[in-house]
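Below, read A as the first sequence line, B as the second, and so on, with proteins coming before strands; counting in each chain starts at 1.
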Amino acid sequence: MRTPFQPRNHNSAPAGKPQGNRKDIMLRLTRFVLRNYKFSLATVAVCIIISAVTTLASTLFTRTLIDEYIVPLTQTATPDFKPLARTLIHLGIILLVGVVCSYTYNRLMINVTQGSILRLRTDMFRHMQQLPVAYFDTHSHGEVMSTYTNDVDTLRSMINQSLPQALNSLITISITLGSMLVLSLPLTLVALVMALVMAFTTTWLGKRSRKHFKQQQQRLADVNGFIEEMLTGQRVVKVFCHENQAIEQFEVLNENLRSSTYNANRIANIVMPVNGNLGYLSYVLIGVIGATLIISGRVDLSLGTLVAFLTLNKSFARPIANVSQQINSVLNASVGAERVFRIIDEQPETDTGTVTLVNAIEADNGMLIPMPYRTGLWAWQVPTESGKPRFVKVNGGVQLSHVNFGYNADKQVLFDIILQAMPDQKIAFVGGTGAGKTTITNLINRFYDIQSGTITYDGINITDIRKESLRRSLGMVLQETHLFTDTVLNNIRYGRLDATDQDCIEAAKLVGADGFIRRLSNGYFTMLSGDGGNLSQGERQLLAIARAAVANPPVLILDEATSSIDTHTERLVQHGMDSLMKGRTTFVIAHRLSTVRNADIIVVLERGHIIEAGNHDQLIALGGKYHQLYTGREL
Amino acid sequence: MFRTLLRHVGRYRTAAILTPIFILLEVVFDVLIPYVTSWLIDYGINGRHLPSVYRYGGLMLLMAFMSLAMGILAGRFVAYASTGFAANLRKAMYRNIQRFAFSDIDKYSTAGLVTRMTTDVTNIQSAFQMILRTSIRAPFSLVSSIVMCFIISPKMSLIFIVAAVVLAIVLAWAISKAGALFTRVFAQYDVMNRAVQENVSAIRVVKAFVREDYENQKYELAARGLYRLYVKAERIMALTHPVMNLVVYGCIIAISWLGAQLVVADQLTTGQLTSLFTYVMSIFMSLMMLSMIFVQITMSAASAKRVTEVLNEVPDIDNPDQPDHVIPDGRLDFNHVSFAYKGGSGEYALHDIDLHIQSGQTIGVIGGTGSGKSSLITLVSRLYDVTIGSVHVGGKDVRTLDLTTLRDTVAVVLQKNVLFSGTIAENLRWGNADATDEQIRHACHIACADEFVEAMPDRYNTRIEQGGTNVSGGQRQRLCIARALLKKPKILVLDDSTSACDNATDATIRQRLQTQLPAMTRIIIAQRISSIKDCDRILVLDGGRVSGWDTHDNLLKTNSVYQEICAIQDEDHGDFDKPQS
């Protein structure tokens, strides 16, 4: 349960791959979206093109209506409305197609957006499950939670709106640009220069705003982390009347968050008026230049063309502004994406093990045959060069030889640990706090990896065993009990998912938890919430023990499990434990004398060194530290 | 609900009011500029008059510049107002949460409160910004366009009216339907957030039982639930878009058809017809904007409701109106106290407890799991209120005392101990912000924490990780005791606070408390007989009732529950641990 004393560093580079720049992040996100929705996105693109064209058709129709139909109609004595009716029906059909297309792509984009976000969240969660314990020891829980909500949410509007709108705008831009070129090359050049100015300003503003936006997401995570931690410890806040200090601290973080959100929004809000008015500037410039050209008569340009060009320029400027704004929103989203990828890129636990745990039965000739169901007999499946695996019975013999370990390089915690646990033996660790008891158990289940030496399990080096198999073979009751928001029954079943209700109840009975569970309002079906906050420490621990009991593993690790159960309950637990420990190797970090005395090997640790080992009688006879502890206890 | 929220705009009110004003000015320029444009074309270009081109061009640029200035100011004010509003909301929520009683926090769950303070507030912030920016612009252009339509052709305007009504009905339907779904979306956010929170904090359990896949499934279920609700809500909202387009296009075709006939009949000019097309677009653009405001409001209404709930939550326990700030001594009386947890099974956790403890006494409390030990002490510092009877500290009913005074007088070291991320000294100063280094060292000495702290590389400046994961259980307990001692309390309650310490340390702590702080009333809840047998009196609790209330020797003779506990511990010889020396 211990990590080195080391200040937390928020800005430290992640352990995973180095972060690329913004463009790489966006490319990666785009690839991520594309990978799963190729077909949908292709359809979306086609639909957007059709709907953009039909929208343009409807804008251009006004002119056609007046010039080609109404004006001629007014000039005839007997107006014939039939051609107009026909054209309107055609137009209606075209527009209907446009509407269908726009609905289709909107619908598809919902699935693409939400689907991608779902996938991103689950990918992130899946990856997080593979991260080493050290990751969780060094990252604030609230900050991790913030990535799942606040950061992922920044991607929603980007995928949903920015991509389709950008495509839409691009189509409009190319069509209007084409028409402008046909009308007048010099004026088009002026319009293009203005468009470039617009794009440049927008991206420049975006860059400035992004700096604040990035800060905003970090500060949001800080706020999240703070709230999460303080609320978890709210009871302590209360009894220490620390509310005002907590508020003060919160207000500093809150004000930081406000100022960066303000700055990010302030700059982002400038973009729209700037672009709109640059549009007017472009309009005036073209008007003045065009008029000068016409009046000077040096260039062949008609009045009608200039007016038409001015109208086109208007519809040219709008999508340009739109695209540059979308680019900003995309880049903002990249801030969220970066934080998501930071988790996904975090180095997972390494696992090079190839040996797996299987159920087996023993044939008459003593051969082990793997079985697909629970047999009560476990075997290690060891791959061999011949390709045919070898099976080794799981006996539960664990050996540590010359093990050295430190949580970081400069502080060694365990020194040259040599220890042999024969199958079915009970090993008790005794020693002061900080002696390294918990650390040893963290090494056996490979929460942390040793720096030198070897640990073997039934003669197999534990680094050769798949972590999943290794941990499945080790039942654990941790010092700290964690329960989940679920029923009591399902919390017990956490130990073995295929356990029946009856199995769970049996396990609860075995460890003496049955009594208090039955007294709960809904018995085994009582919902626990907030880490079992409605149960006492002792009750929570009983559930944790029941959880290990239902797992029924070959080897058991108990970490100070019985320390805060009252004497009466403890007696029940003790009996349950004894039967639980029967027939399996057990490592106990023990406080209870009875546990220690009954142990086959008592390991006395001091400052990371084994100073004595042996059974009770041997150690008493030795007259060393253990003797001193045992007799001193009476004082 | 919105009124409650808007109260928190606070000092950002000026900016919030200025925003629409500047936006209105911006809109005025936006409306005027097209007129100047038409002059530029009509008098300048069509009139082939270069000075007019320059004049109107210059005027247009001037107005554009004004509009830009207004726009920038509006953007600045709206950003200031909305982010300030959000900050105020978070602050108000956090302040209120600090007033929450334990029962209130149980109700919302940590993950739920976190979502409310971040995701929900962010939603409200964007909605507020959007409303400020468009609430003037959209109705303004809507009304002016409609007026212009009626001026041009009352007959044709009927088309708009019909269309607008159809549209309004569709929008209203979609918004009400999607609104309900968005409420569920945010509830699902809580579920998903909880899955992450529990997973992260219980990661050792997850890994020890190789439950990564199970956790993945659990999370995926929550995330998928969110996905489904979101897709459903957004699909409804997506319907509004094509309906809108259909209506607009229908109008264009209808106007074209009818307009052509009117023009031919000489009741309408072509110029007017063109204007009608412009106005129809602007009417629907503003309707679209309005509908977006409504969507934002709908989406944020769910968030607003969740935020208001927290803001309006009246804490179960609050300071009395005229609190008493004086607690003369460490006397403690339980007058026929019965207590049941609210929202629990309704069963009494404590029955008719009647105890009277003198200042400076040392009291031991013992009893089985669920006997009510922890419930009893939560009543002393008024973390919960009694159901029947009363608790008196220093001779005064705790419900009349100032909460801060009470909790500073009664120091409770909780069973569920928590240290916070920060240095050891920072954690200890929770007890007394002004404590000197010497006072800290002294408190640590009494709590037997000085030795191991001083052995650490940075001593009192050593950082504690979140949840205190980098100190052992025993070390954490001793730091928590030191933290409580720094309050200089008149009553100290140790709720099973030395369970992870060895016997020798346990004894040393008790002995130092006795000799160095003799005037302090001490209540020691323990599992081990050795921890309490020297107490002045021992309370034996059994099933929420007083089973015994006497000295160790007398209880050994008379109390069967106590005898049983002693018998078990005799044979087990209690604890086995030793601190590093």
If you compare all heavy atoms of A:Tyr148 against all heavy atoms of A:Arg121, which two are closest, and at what distance to 0.1 Å?
O-NE, 2.9 Å

Shorter than 4.5 Å, heavy atoms on both sides: which option in A:Leu285, A:Leu220, A:Asp153 has the most such pairs with chain B?
A:Asp153

Taking B:Glu220, B:Arg90, B:Gln129, B:Met63 one by one, which has the highest count of heavy-atom pairs under 4.5 Å against chain A?
B:Arg90

What part of B:Gln261 lies closer than 4.5 angstrom to a heavy atom of chain A: side chain, backbone, both or neither?
both

Donor-acceptor pair, A:Asn265 side chain versus B:Ala79 backbone, under 3.5 Å?
no

Heavy-atom pairs under 4.5 Å with chain B: which of A:Gly92, A:Gly115, A:Gly290 has the most?
A:Gly115

Between B:Asn199, B:Val263, B:Leu239, the one whose heavy-atom pairs under 4.5 Å with chain A are most numerous
B:Asn199

Check each atom of A:Ala264 against the heavy atoms of chain B and say whether the ones under 4.5 Å are side chain, backbone, both or neither.
neither

Of the backbone (N, CA, C, O) and the side chain (C-beta and beyond), which part of B:Met70 lies under 4.5 Å from a heavy atom of chain A, both, or neither?
neither

If we define contacts as heavy-atom pairs under 4.5 Å, which of B:Gly259, B:Gly71, B:Pro242, B:Gly57 has the most with chain A?
B:Pro242

Before accepting this row, confirm whether a basic side-chain N of the pair B:Glu215/B:Arg211 lies closer than 4.0 Å to the acidic partner's carboxylate O.
no

Max heavy-atom pairs within cutoff under 4.5 Å with chain A, candidates B:Val114, B:Val78, B:Thr119, B:Thr122, goes to B:Val114

If you measure from the Lys or Arg side-chain nitrogens to the Asp or Glu carboxylate oxygens, is any gap between A:Glu251 and B:Arg95 under 4.0 Å?
yes

Given A:Leu118, A:Leu91, A:Val223, A:Asn224, the one with more heavy-atom pairs under 4.5 angstrom with chain B than any other is A:Leu118

Let me know if A:Thr261 has heavy atoms under 4.5 Å from chain B in its side chain, its backbone, both or neither.
both

Answer yes or no: is there a donor N or O on one side and an acceptor on the other, between the side chain of A:Asn254 and the main chain of A:Phe250, under 3.5 Å?
no

Relative to chain B, which segment of A:Phe125 carries a heavy atom at a distance below 4.5 Å: side chain, backbone, both, or neither?
both

Assert top hit (heavy-atom pairs under 4.5 Å, partner chain B, pool A:Asn263, A:Leu96, A:Leu497, A:Asn111) equals A:Leu497

Checking B:Arg76 against B:Tyr80: is there a side-chain donor and acceptor pair closer than 3.5 Å?
no

State the CZ-CD distance between B:Arg133 and B:Glu26, to the nearest 0.5 angstrom.
8.0 Å

Region of A:Ile117 that comes under 4.5 Å of a non-hydrogen atom in chain B:
neither

Verdict with supporting geometry, A:Phe447 and A:Arg471, side-chain contact (heavy atoms from CB on, under 4.5 Å)
CA-CA 10 Å; A:Phe447 275 176; A:Arg471 289 176 189 161; 3.9 Å; yes

A:Leu474 versus chain B, heavy atoms under 4.5 Å apart: side chain, backbone, both or neither?
backbone

Is a side-chain donor or acceptor of B:Asn216 paired with a backbone partner of B:Glu212 at a separation under 3.5 angstrom?
yes

May I ask you to name which of B:Asp213, B:Thr118, B:Ile252 has the most heavy-atom pairs under 4.5 Å with chain A?
B:Thr118

Under a 4.5 Å heavy-atom cutoff, which of A:Gln130, A:Met128, A:Gln129, A:Arg107 has the most pairs with chain B?
A:Gln129

Taking everything shown except B:Phe65 itself, do over 12 heavy atoms lie less than 6.0 Å from its CZ?
no

Among the listed options A:Asn445, A:Ile557, A:Leu257, the residue most often paired with chain B at heavy-atom distances under 4.5 Å
A:Leu257

From B:Asn193 atom CG to B:Gln197 atom CD, the distance as rounded to the nearest 0.5 Å
8.0 Å

So which of B:Leu61, B:Asp266, B:Asn245 has the largest heavy-atom pair count under 4.5 angstrom toward chain A?
B:Leu61

Can you give me the closest heavy-atom contact between A:Leu84 and B:Ala260, atom names plus distance?
CD2-CB, 3.3 Å

Turns out that what part of A:Phe136 lies under 4.5 Å from chain B's heavy atoms comes down to side chain

